Every structure is written in structure tokens, then in C-alpha cells.
A.B. asks: 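Below you'll find the structure I mean.
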Amino acid sequence: MAKYSLPRGTKDYLKEECARYDYINNVLSEMATLYGFEHIQTPIFEHTDVFTRSVGESSDIVNKEMYTFLDKGGRSITLRPEGTAGVCRAYVENKCYATCEIPFKAYYSGPVFRYERPQAGRYRQIHQFGFEVIGVKNPYLDVEIILLAHQSLLALGITNYVFKLNCIGDDESRNNYKQALKEYFEPHLNELCEDCKVRFIKNPLRILDCKVDGDKEVIKNAPRISKYLTEDSKNYFVKVCMLLDKYQVPYEIDQSLVRGLDYYTGTVFEIACLGPNGENFGAIGGGGRYDNLIKEFDGPDTPAFGMAFGMERLLLIMDKYNLFNADLIRTFSYCMPIGEENMEYASFICNYLRSNGFPCDIDYRNRSIKAMFKTVDKRHAQFALIIGDDERKNNTVNVKNNETKEQVNIKFEQLIPFFENYFNNFSKHHDECHCDECKGE
RNA sequence: GCGGAUGUGGCGAAGCGGCCUAACGCACCUGACUGUGACUCAGGCAUUCGAGGGUUCGAAACCCUUCAUCCGCCCCA
């Protein structure tokens with residue numbers, strides 16, 4: 001066993017897993033671009049109060065899950081537990097409200113940290129791919145982001161998910177509702193768990209999210225937000241639902257959904273997706289409207305909407321459903337020098353191909369042909385280049401197409417034209433062909 | 001943060017106080033086959049049982065501590 005091991009709840013992404021991660025990241029980036037988003041990056045740590053003020057004192061994230069430490073200058077620093085707060089801080093700090101196009105549409109991708117007890121699909125360092133739109137309040141926008149998530153999942157091949165949707169209302173609605181909840185729960189305080197007693201004071205909305213008392217009549221019978229929504233909030237949400245119907249997005253309304261972050265207002269959602277055997281790995285993504293957050297960071301009063309995917313959850317779900325191609329990792333060609341004495345020529349060929357832009361790798365271990373062919377298969381190489389005494393003496397390369405198993409002896413100076421020709425035919429085939437294999441590309 | 005289970009080579013797994021210098025299967029390496037991937041056959045591949053300590057004449061097995069993983073709760077991505 002290794003003397004040095006990973007910190008709990010973290011993991012190494014080795015080649016295959018990294019290739020899968022990159023694949024998802026690419027699909028989502030392309031989707032973001034399709035919807036008019038631009039890439040931004042913010043630091044993975046911020047001053048602690050960036051999160052306490054936005055994510056909220058009553059949230060579990062701030063209460064018990066943050067990686068917070070003092071830096072050498074005595075500042076309280078926190079590894080970001082989510083992406084939105086940093087984006088909003090950056091938006092205000094860089095005065096994007098004045099210098100950028102409104103709405104400000106940005107996507108980001110990277111690690112976030114939460115100190116939780118690890119489980120399957122749950123880590124302390126996870127990666128989120130998120131989208132934020134700052135500057136617009138319009139049901140069409142809420143729906144645009146949900147559509148973006150919807151289309152992204154379809155592009156990844158994920159199908160059996162559902163958007164759980166709720167409206168937690170504007171300030172007025174929520175204040176009315178909080179008041180009603182307080183009045184309702186006050187006489188029942190003793191029936192609630194310890195956590196909920198704290199929630200009662202800090203944010204009674206949280207009580208609805210409690211699973212400990214989830215079955216208890218008290219919570220079941222609690223007033224519903226829908227009754228306390230202002231006309232505006234109600235109409236807005238109805239419009240959102242109507243549009244989702246129109247676009248045939250799979251969603252259901254879940255009035256107990258309040259989200260674990262305090263900054264949400266209005267439309268909120270989580271994406272639930274079960275494994276092939278009904279396993280529940282938690283939400284694969286979530287988000288919502290946060291109309292007060294920019295103001296909270298001392299920016300102008302600006303509405304906003306955002307969402308994020310959990311990369312680890314996507315990775316897990318896609319793996320369970322076998323949605324990854326087997327050959328995400330591939331080598332175009334692999335040089336097989338037969339015997340030490342052919343190493344020099346083989347190495348020359350390999351570098352020659354590389355300098356002409358054709359990916360190539362070479363076997364350095366003076367192994368048997370059998371062993372090298374196994375490597376060719378394992379690395380999904382398109383071509384095996386067999387280089388032995390005959391080839392070296394005649395300045396040729398024995399090129400074996402690993403797919404068709406056809407083998408030709410090619411003069412050194414014909415190598416590049418040969419591969420160029422191969423590529424041209426390949427893309428020509430690609431353009432004209434409508435077979436299943438090519439359609440998806 | 002709470003409750004439960006588990007930890008033996010790259011992987012799966014037997015062994016549950018001495019015959020363990022750790023079975024078996026897969027994978028891997030070498031050769032039979034001086035240059036074509038299969039099959040077959042022969043051989044190789046854990047001084048060591050997550051780590052540290054203790055009990056014992058003797059420990060992978062028993063005890064303690066610790067680390068990690070998995071499941072449930074909580075929460076979410």
C-alpha cells in the first residue's frame with residue numbers, strides 16, 4: 001500500500017477518466033457557446049465573507065462544509081464551495097454592469113470544495129460546470145437556461161432525468177411566506193429537531209428541506225409557498241412552466257424544494273437522475289434565480305439566473321449507462337521497432353511523422369512483436385508501423401491498418417502522402433456518409 | 001456530524017492462531033514461434049496480508065489505535 005495517500009474525499013483522474021472528463025467538458029463548452037456564453041475564470045479561493053454573505057449563514061454549506069483557513073497575512077480565506085458567488089463578486093468588482101454587454105452571460109468550469117462525508121458520487125473536491133446570466137429577469141431566460149441544461153444532457157446521451165422545479169418567490173412573497181411559516185411552526189417547536197429549531201430563527205424555509213422530520217405531519221401540513229406568492233411571482237412562474245411544456249422539457253413541481261443556498265429567489269430547480277437500477281446519486285445539477293445577490297455584493301440592483309452541473313455526477317451516471325466511447329484515448333500510429341538495431345530508424349520515422357503533424361508513439365522496450373501489437377490494440381492505434389531489418393535497409397515502413405488489417409510496405413518518402421490521403425478519404429466519407437456511426441459526429 | 005459494513009498481488013478472491021517462504025482465476029512478462037496480434041504448452045509475477053502498536057513460543061487471522069473505502073442518515077453536485 002502506498003505510503004502517501006490521497007486526502008479523504010479526493011480522487012486522481014488518470015488517463016481514461018480524464019479523457020471522459022474532458023469529453024464532458026468539451027460538450028458543455030460547445031453547448032455554452034451555442035447559447036451565447038463566454039468562458040470566465042475566478043479564483044478557487046475567496047475571502048470567506050464572499051460566501052457567508054451570499055450562500056448564507058443558515059445554509060449547511062456555510063455552517064459546516066467550508067474549507068476555511070487563515071492565510072499568512074491573517075486573512076480568512078475559503079476554498080470556494082460553489083461557483084456563483086465568485087462570479088458575482090467578479091462581476092461587481094470589474095464593474096461589468098458598466099463595461100460589459102448586458103446580459104452578462106458566462107460559463108465556468110473547475111473544482112469546488114465541501115467538507116462532507118464521502119460516499120459514492122460524493123467527494124470533498126468536486127468539479128462544477130456552471131452558467132450564469134446577470135442582468136435580465138424574464139421567464140424566457142429562466143427557460144433558456146433550463147433548455148441549455150436539457151439540451152446538454154441530451155447531447156451527452158443522458159435521458160432519464162427530470163427537472164424538479166419550484167418557485168420560492170420574490171422578496172415580498174418570501175417574507176409573507178416566512179411569516180406564515182413562523183406562525184405555523186411556533187406552537188410546534190418542540191416537535192422539531194435541533195437543526196430545525198435553529199432554522200426556525202435563521203431561515204424557516206429551511207425547515208421544509210429537513211428530512212429528519214420530513215415524514216412528520218407538522219411539516220406535511222405546513223403552508224405551501226404557492227399560496228403566498230404575489231400575483232407577479234405567480235404569473236412569472238406559470239409562464240415558465242408553460243414554456244417548459246411547450247418545449248417538452250421533463251419537469252415536475254416540487255414544493256418542498258428550497259435549495260441549500262440562501263441567495264435564491266423565484267425559480268429554483270434541481271436535476272434528478274436515477275441509475276439504471278434505480279440508484280439515487282443525488283442531483284446532477286441545479287440552479288435558479290438570484291435577484292438579490294449582485295446588490296448583496298454592493299453592485300447595482302441586478303437580477304440574475306444561473307445553474308451548475310456536477311461533473312462527478314455526470315461522470316458516474318454516464319458510466320452507469322455506458323455512454324462513453326471505448327476509445328476516447330487513442331493513438332494515431334504506433335512504431336514497433338523489431339530489435340534494438342532498428343530503434344534508430346524507427347525513432348527517426350516516429351519523429352518525422354510528428355513533425356509533419358501526425359500523432360505517433362514508439363515502443364522503447366525492445367519487446368516481442370506480440371507484446372507490441374497488444375499495446376497497439378490497447379491504445380486503439382489506427383496504424384501499426386512495423387519497422388525491422390528489411391524496412392531499415394530499404395527505407396520503407398510496413399504500415400498495418402489496425403481496423404482493416406491491411407498491410408502495405410511504403411517507401412519513406414510516400415509516408416506523408418499516404419497518411420494525408422487517408423485523412424482526405426476519411427473526411428470525404430464523413431461528409432457524404434449518413435451511416436449511424438457518422439451521424440453522431 | 002451520526003449509525004452500520006469492509007480493507008489479502010494490477011484486478012477478483014481463498015485462507016479466520018502453526019502444513020502460508022499466502023491457493024485459485026483474470027491481467028501482465030518471457031519462451032516454444034530469428035518479423036504479425038488467436039489458441040496451446042512451459043515458466044515468471046505479494047519476503048507479505050491498509051498502516052502503527054499489543055497479546056502469543058508462533059498472527060493475514062485475536063485485541064487496541066489509526067487511515068481509507070462502501071452503505072444508510074443529513075446535505076447536495
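Here is how names work: the chains are called A, B, and so on, in the same order as the sequence lines, proteins then strands, and each is numbered from 1. Treat the numbers as computed from the prediction; the structure is a model and nothing was measured.
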A.B. asks: List in chain and number order the residues that pass ring-ring contact (aromatic ring centres under 6.0 Å, His included) with A:Tyr352, two or more places apart in sequence or in another chain; answer none if no residue qualifies.
C.D. replies: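 Result, ring-ring contact (aromatic ring centres under 6.0 Å, His included) vs A:Tyr352: A:Phe412.
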A.B. asks: Which of the following nucleotides, B:U36, B:G1, B:A77, is nearest to the side chain of A:Arg114?
C.D. replies: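 That would be B:A77.
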A.B. asks: Whole Å only: how far is the OH atom of A:Tyr108 from the P atom of B:A77?
C.D. replies: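 Rounded to the whole Å, the gap is 10 Å.
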A.B. asks: What interatomic distance, in whole Å, is found between C1' of B:A22 and the corresponding atom of B:G12?
C.D. replies: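 One C1' to the other, the span is 16 Å.
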A.B. asks: Please confirm whether any donor atom in the side chain of A:Arg313 sits under 3.5 Å from an acceptor in the base of B:C76, or the reverse.
C.D. replies: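 Pair found.
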A.B. asks: Suppose you measure atom P in B:G4 against the same atom in B:U48; what distance do you get, rounded to whole Å?
C.D. replies: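 About 34 Å, rounded to a whole number of Å.
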A.B. asks: Any chance you could lay out the salt bridge (charged side-chain N to carboxylate O under 4.0 Å, His left out) test for A:Arg122 and A:Glu116, step after step, and finish with the verdict?
C.D. replies: CA-CA 8 Å; A:Arg122 171 153 146 196; A:Glu116 287 189 276; 3.4 Å; yes
A.B. asks: For A:Phe37, run the ring-ring contact (aromatic ring centres under 6.0 Å, His included) check against A:Tyr108, A:Phe131, A:Tyr107 and tell me which one passes.
C.D. replies: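 Running ring-ring contact (aromatic ring centres under 6.0 Å, His included) over A:Tyr108, A:Phe131, A:Tyr107 with A:Phe37 returns exactly one hit, A:Phe131.
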A.B. asks: Starting at atom OH of A:Tyr21, determine the distance to atom P of B:A77, rounded to an integer number of angstrom.
C.D. replies: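 Atom-to-atom, A:Tyr21 to B:A77, this comes out as 16 Å.
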A.B. asks: Would you write the dot-bracket representation of RNA chain B, where each base gets (, ), [, ], | or . depending on whether it forms a Watson-Crick or G-U pair under 3.5 Å and with which partner?
C.D. replies: ((((((((.[[[..)..(.....]]].(((((.......))))).....[[[[[..)....]]]]])))))))....
A.B. asks: Please identify each residue that fulfils side chain to side chain donor-acceptor pair (under 3.5 Å) with A:Asn280, with sequence neighbours left out.
C.D. replies: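 Counting only residues at least two positions away or on another chain, A:Asn280 forms no side chain to side chain donor-acceptor pair (under 3.5 Å).
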A.B. asks: Strictly by salt bridge (charged side-chain N to carboxylate O under 4.0 Å, His left out), give each pair with a member in residues 31-43 of chain A just once, sequence neighbours left out.
C.D. replies: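 Of all non-adjacent pairs touching residues 31-43 of chain A, none passes salt bridge (charged side-chain N to carboxylate O under 4.0 Å, His left out).
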A.B. asks: Return a single string for nucleotides 25-34 of chain B, one symbol per nucleotide in 5' to 3' order, where B is base contact, S is sugar-phosphate-only contact and - is none, cutoff 4.0 angstrom on heavy atoms.
C.D. replies: ---SSS----
A.B. asks: When we call it a touch if two heavy atoms are under 4.0 Å apart, what does A:Glu116 touch: a base, just sugar-phosphate, or nothing?
C.D. replies: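 It contacts base atoms.
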A.B. asks: Applying side-chain contact (heavy atoms from CB on, under 4.5 Å), name anything that partners A:Tyr364, two or more places apart in sequence or on another chain.
C.D. replies: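 Applying side-chain contact (heavy atoms from CB on, under 4.5 Å) to A:Tyr364 gives A:Met343, A:Ile362.
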A.B. asks: Any heavy-atom pair between the side chains of A:Cys241 and A:Tyr251 that's under 4.5 Å?
C.D. replies: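 Touching, per the 4.5 Å side-chain cut-off.
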A.B. asks: Taking B:U55 as the reference, what is the distance to B:U65 when you measure between their C1' atoms (whole Å, please)?
C.D. replies: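 Taking atom C1' in both B:U65 and B:U55, they lie 15 Å apart.
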A.B. asks: Under the side-chain contact (heavy atoms from CB on, under 4.5 Å) rule, collect the residues that match up with A:Thr331, sequence neighbours excluded.
C.D. replies: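 side-chain contact (heavy atoms from CB on, under 4.5 Å) check on A:Thr331 returns A:Asp361, A:Arg379, A:Ala381.
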A.B. asks: In terms of the nearest nucleotide of RNA chain B, which residue is placed more toward the 5' end: A:Glu270 or A:Ala384?
C.D. replies: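 In this pair, the answer is A:Ala384.
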A.B. asks: Can you check the A:Lys64 NZ to B:C73 C1' distance for me, whole Å?
C.D. replies: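 A:Lys64 atom NZ is separated from B:C73 atom C1' by 11 Å.
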A.B. asks: Find the distance A:Glu391:CD to B:U36:P and express it as a whole number of Å.
C.D. replies: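 The distance from CD of A:Glu391 to P of B:U36 comes to 12 Å, rounded to the nearest Å.
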A.B. asks: Using the salt bridge (charged side-chain N to carboxylate O under 4.0 Å, His left out) rule, collect all pairs that involve residues 143-166 of chain A, keeping only residues at least two apart or in two chains.
C.D. replies: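 Those involving residues 143-166 of chain A are A:Lys105-A:Glu144.
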A.B. asks: Rounded to the nearest angstrom, tell me the gap between atom CG in A:Asp363 and atom C1' in B:U36.
C.D. replies: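 Spelled out: CG on A:Asp363 to C1' on B:U36 is 14 Å.
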A.B. asks: Using a heavy-atom cut-off of under 4.0 Å over every strand shown, decide if A:Ile284 touches base, sugar-phosphate, or nothing.
C.D. replies: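 The answer is sugar-phosphate, as A:Ile284 gets under 4.0 Å only of primed atoms, P, OP1 or OP2.
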A.B. asks: Can you tell me the distance, in whole Å, between the NZ atom of A:Lys405 and the P atom of B:A38?
C.D. replies: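 After rounding, the gap between these two atoms is 11 Å.
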A.B. asks: When rounded to the nearest Å, what value does the distance between P atoms of B:U30 and B:U36 take?
C.D. replies: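 The same atom, P, in both gives a distance of 15 Å.
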A.B. asks: What residues form a ring-ring contact (aromatic ring centres under 6.0 Å, His included) with A:Phe69, not counting sequence neighbours?
C.D. replies: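 With sequence neighbours excluded, A:Phe69 shows a ring-ring contact (aromatic ring centres under 6.0 Å, His included) to no residue whatsoever.
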A.B. asks: Could you pull out all residues at least two apart from A:Glu403 that satisfy side-chain contact (heavy atoms from CB on, under 4.5 Å)?
C.D. replies: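 Expected list: A:Gln382, A:Asn401.
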A.B. asks: Suppose you measure atom P in B:U6 against the same atom in B:A42; what distance do you get, rounded to whole Å?
C.D. replies: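 Each nucleotide's P atom is 39 Å from the other's.
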A.B. asks: For a quick check of understanding: with a heavy-atom distance under 4.0 Å over all strands, which category does A:Gly285 fall into, base, sugar-phosphate or nothing?
C.D. replies: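 The answer is sugar-phosphate, as A:Gly285 gets under 4.0 Å only of primed atoms, P, OP1 or OP2.
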A.B. asks: I need the CG-P distance between A:Asn394 and B:G35, as an integer number of Å.
C.D. replies: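 Interatomic distance, CG of A:Asn394 to P of B:G35: 18 Å.
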A.B. asks: Please list each protein N or O that sits under 3.5 Å from an N or O in nucleotides 66-70 of chain B, with the distance.
C.D. replies:
from  : atom 1 : to     : atom 2 : distance (Å)
B:U69 : OP1    : A:Gly9 : N      : 3.3
B:U69 : OP2    : A:Arg8 : NE     : 2.8

A.B. asks: Would you kindly give the CE-to-C1' distance between A:Met336 and B:U36, to the nearest whole Å?
C.D. replies: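 Answer to the nearest Å: 7 Å.
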A.B. asks: Between B:A46 and B:C24, how many Å separate the two C1' atoms, rounded to a whole number?
C.D. replies: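 Between the two C1' atoms, the distance is 15 Å.
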A.B. asks: Using only modelled atom types and a 3.5 angstrom limit, is any donor from either the side chain of A:Glu65 or the base of B:G1 paired with an acceptor on the other?
C.D. replies: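 A donor-acceptor contact between them is absent.
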A.B. asks: Give me the distance, rounded to whole Å, that separates B:A61 from B:G17 when you measure between the P atoms they each carry.
C.D. replies: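 Each nucleotide's P atom is 11 Å from the other's.
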A.B. asks: Using the ring-ring contact (aromatic ring centres under 6.0 Å, His included) criterion, which residues pair with A:Phe51? Sequence neighbours excluded.
C.D. replies: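 For A:Phe51 there are no ring-ring contact (aromatic ring centres under 6.0 Å, His included) partners, ignoring immediate neighbours.
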A.B. asks: Mark yes or no: A:Lys400 above the aromatic ring of A:Tyr334, with NZ or CZ under 6.0 Å from the six-membered ring centre and no more than 45 degrees from the axis.
C.D. replies: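 No, cation not above the ring by the 6.0 Å, 45° rule.
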A.B. asks: Sticking with atom C1', work out how far B:C11 lies from B:G53, rounded to a whole angstrom.
C.D. replies: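 Those two atoms are separated by 31 Å.
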A.B. asks: Hey, is the side chain of A:Gln125 pairing donor to acceptor with the base of B:A77 inside 3.5 Å?
C.D. replies: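 Answer no: no donor N or O sits under 3.5 Å from an acceptor.
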